[in-house]
Novice: 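First the structure, which I've put down as structure tokens, then a few questions once you've had a look.
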Amino acid sequence: MDGLETQFDETIAADQRIEPRDWMPEAYRKTLIRQIAQHAHSEIIGMQPEGNWILRAPSLRRKAILLAKVQDEAGHGMYLYAAAETLGVDREELTEKLIESKQKYSSIFNYPTLTYADIGVIGWLVDGAAICNQVPLCRCSYGPYARAMIRICKEESFHQRQGYELLLAMVNGTDAQREMVQESTNRWWWPSLMMFGPPDADSPNTQQSMAWGIKRHTNDELRQRFVDMTVPQAAALGITLPDPGLVWNEERSAHDYTEPDWTEFKAVIAGSGPCNAQRIAHRRRAHESGSWVREAAVAYAEKQAAKQEAAA
Amino acid sequence: MSGDENVYDSLTEEHGADTQWAYGHGAFGSGIEDVEAEIASPVPDGVDPSDLAQYCLMLGDDALICSHRLSEWVSNAPELEEEVALANTALDLLGQGRVLLARAAHLGAAADEDVLAYQRGEAEFRNVALAELGDDLDFGRAIARLLLFSTWRLALLSRLTGSRDPVVAAVAGKGVKELTYHRDYAARWTLRLGDGTAQSHDRIQAALDAVWPYVDELFRTSDVERRLVGAGVAVDPAETRAEFDEVLDQVLAAATLTRPQRPGIGTIGGRGGRQGLHTEKLGHVLAEMQSLARQHPGATW
Ligand SMILES: [Fe+2]
Ligand SMILES: [Fe+2]
């Protein structure tokens, strides 16, 4: 083993951060690029299902909250693409890979938002699950990713609180609003459980990611934590989680729960979720119809630089 | 599992000072201190409350409807920086609109801002046509509209900081900072597009040509405004024309663009947006904006 690799291993073993200029194994770099890009894409694609309700938000206060939230997600995408860029790729290249379906994003955003309760439930369950996944990433071994996550997690927790607060207002509202919350929870519960990824036995990359200090907990550990935290919150809302197998297990000091339908998960990942094609087509249209604008900005900057040079 | 990172700890912490949270829990997300108290301030002496309410609707509807058009850009912008900037501009205008509508509601005995936003029909809206124009997600048209709108509104608000109505004055005071940024953003993109590529030059010129006919209305003084100018509450929009022309001439020249020579859109029997007479577009904006709220009368969200 050469000196560089020893140094890398020692840094990881000591729980210190790897920085962009440090040597790192090619596989570590590749894993990080894939994970950070996927994470950045999720932030950007996630703007679509929530953006779907901005124009129709039922009060101006809710409109302001939702607009600010979706704007945050664009900011998250920016920090994450910037973190990926420290590994030698650029945003444009990653965006191309997204719209060519060569890189993935979180499967959750391939589900539609059909009612305004979905906005609350996404904040509560989807941002909630994202927080469970992402808080450990604040201690990720790669410095720029860890630092981006600290900032992002703070904002995700606002999103979760705001989502939950919307649901509280709705369950204290009319019968129609209460039913909307229950129906939405029924739809989003299983896809939310899927956000933690396949069961540990089917997650071949987990061990390597944990050894590298990129991942800190297994998928099933995080999923269990999410279930245990969500149960009392659902009770406080007075709604039912759609799993008859969900019961407290005294021995394990945890809830037993039914596994989501992993066949559906695989199908959605493979491209046949309800909104996969729509999400990618939307992102492609936005990107391609903006190309003349980006080209103009480059041409303008070049002209300005040339003028300055001529004046110097 | 280690307990060193309780995911939900952050949910129980106080975030009172954080701006993100202010959007959710501040009454209006406008940043205006003690806005609730302001909104209930007495009508200044010698001012007709219904005139003042109409004036707040004019300024408020301009902001609300323009914010709606900008919000259409969410997830459609040419670059992530533009996503953030356009959403931010929409949020600023939404904040201004909410305070002004709340003031109008207080003066006109509507329950709140939402009743005015969601329960009025087209003919009761008082915004200018420029605010409601669609752009079909053409970035050039969005920028052209924002350049004209923000240049005009900044000229108005900077003269309204001394309004005798404390709510109008407070919105203007904060709005000047916001509009300065919006105008600067629109002007910088006008330069990049105008002096960028041949294609971008043609597109932004065409966009300016398309919105230009709606400029005249911005400087037409309504009767309500005329009365409120006398009372020290409003500014006469006609007074802002010189500043508007000067800024536009400067930006267009730097951007290698020509000032459009298009006839202004006229009124119908002397009536325009300020009198509740709109383009065909506003009905569609409201149909979308109000649909959910109207499906659930009496619900609170
Ligand atoms: Fe996010
Ligand atoms: Fe979020």
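The chains referred to below are lettered A, B, ... by the order of the sequence lines, with proteins before strands, and numbering in each begins at 1.
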Novice: Please rank B/Leu64, B/Val84, B/Val74 by heavy-atom pairs under 4.5 Å with chain A and give me the top one.
Specialist: B/Val84
Novice: Does this structure show an ion pair linking A/Lys63 with B/Glu288, if we count only N-O contacts that are shorter than 4.0 Å?
Specialist: no
Novice: Report yes if some heavy atom in the side chain of B/Thr197 is under 4.5 Å from a heavy atom in the side chain of A/Tyr300; otherwise report no.
Specialist: no
Novice: As an exercise, state the distance from CZ of A/Arg62 to CG of B/Asp114, rounded to the nearest 0.5 Å.
Specialist: 10.5 Å
Novice: Does the structure place the NZ or CZ of B/Arg203 under 6.0 Å from the centre of the six-membered ring of A/Trp292, at an angle of no more than 45° from the ring's axis?
Specialist: yes
Novice: Tell me, for B/Asp138 versus chain A, whether the close heavy atoms (under 4.5 Å) come from the side chain, the backbone, both or neither.
Specialist: side chain
Novice: With heavy-atom distances below 4.5 Å as the criterion, would you say the side chains of A/Arg285 and B/Asn76 are in contact?
Specialist: yes
Novice: Hey, does the side chain of B/Glu83 reach the backbone of A/Ala74 with a donor-acceptor pair shorter than 3.5 angstrom?
Specialist: no
Novice: Does some side-chain heavy atom of A/Leu55 sit less than 4.5 Å from a side-chain heavy atom of B/Met289?
Specialist: no
Novice: Is there side-chain contact between A/Met78 and B/Glu81, with heavy atoms separated by less than 4.5 Å?
Specialist: yes
Novice: Please determine whether a side-chain nitrogen of the Lys or Arg among B/Glu79 and A/Arg91 lies less than 4.0 Å from a carboxylate oxygen of the Asp or Glu.
Specialist: yes
Novice: Check whether A/Tyr164 gets within reach of chain B through its side chain, its backbone, both or neither, counting any heavy atom under 4.5 Å.
Specialist: neither
Novice: With chain A, which of B/Tyr118, B/Phe139, B/Trp73, B/Trp189 has the greatest number of heavy-atom pairs at distances under 4.5 Å?
Specialist: B/Tyr118
Novice: Please rank A/Ala286, A/Ala296, A/Gly290 by heavy-atom pairs under 4.5 Å with chain B and give me the top one.
Specialist: A/Ala296
Novice: What option among A/Leu60, A/Val293, A/Thr174 has the most heavy-atom pairs under 4.5 Å with chain B?
Specialist: A/Leu60
Novice: Taking the side chain from A/Gln177 and the backbone from B/Thr300, do they hold a donor-acceptor pair closer than 3.5 Å?
Specialist: yes
Novice: What pair of heavy atoms forms the shortest contact from B/Gly196 to A/Lys303, and how long is it?
Specialist: O-NZ, 3.0 Å
Novice: Under a 4.5 Å heavy-atom cut-off, does chain A meet the side chain of B/His296, its backbone, both or neither?
Specialist: side chain
Novice: If you count heavy-atom pairs within less than 4.5 Å of chain A, which of B/Arg294, B/Glu82, B/Gln199 leads?
Specialist: B/Gln199
Novice: Is it the backbone or the side chain of A/Ile44 that comes under 4.5 Å from a heavy atom of chain B, or both, or neither?
Specialist: side chain
Novice: Are any side-chain N or O atoms of A/His282 and backbone N or O atoms of B/Ser75, one a donor and one an acceptor, separated by less than 3.5 Å?
Specialist: yes
Novice: Roughly how far, to the nearest 0.5 Å, is the CD1 atom of A/Ile65 from the CG atom of B/Leu91?
Specialist: 11.0 Å
Novice: Once you round to the nearest 0.5 Å, how far does OG of A/Ser59 lie from CG of B/Leu292?
Specialist: 9.5 Å
Novice: So what's closer than 4.5 Å to chain A heavy atoms on B/Ala77: side chain, backbone, both or neither?
Specialist: backbone
Novice: Taking atom CD of B/Gln250 as the centre, report whether more than 12 heavy atoms of other residues, nucleotides or ligands fall under 6.0 Å from it.
Specialist: no
Novice: Would you say CZ of A/Arg151 has more than 12 non-hydrogen atoms from neighbouring residues, nucleotides or ligands within 6.0 angstrom?
Specialist: no
Novice: I'd like to know if the side chain of A/Arg294 and the backbone of B/Pro78 have a donor-acceptor N/O pair within less than 3.5 Å.
Specialist: yes
Novice: List the atom of A/Pro58, the atom of B/Ala293, and the distance in Å for their closest heavy-atom pair.
Specialist: O-CB, 3.7 Å
Novice: Which value, rounded to the nearest 0.5 Å, describes the distance between B/Leu191 atom CG and A/Gln304 atom CD?
Specialist: 8.0 Å
Novice: Using non-hydrogen atoms and a 4.5 Å limit, figure out which bit of B/Leu86 sits close to chain A: side chain, backbone, both or neither.
Specialist: neither
Novice: Going by heavy atoms in the side chains, are A/Leu67 and B/Ser71 under 4.5 Å from each other?
Specialist: yes
Novice: Which region of B/Ala117, side chain (C-beta onward) or backbone (N, CA, C, O), has a non-hydrogen atom less than 4.5 Å from a non-hydrogen atom of chain A, or is it both or neither?
Specialist: side chain
Novice: Can you tell me which of A/Gly51, A/Ser291, A/Ala57, A/Ala301 forms the most heavy-atom pairs within a distance under 4.5 Å of chain B?
Specialist: A/Ala57
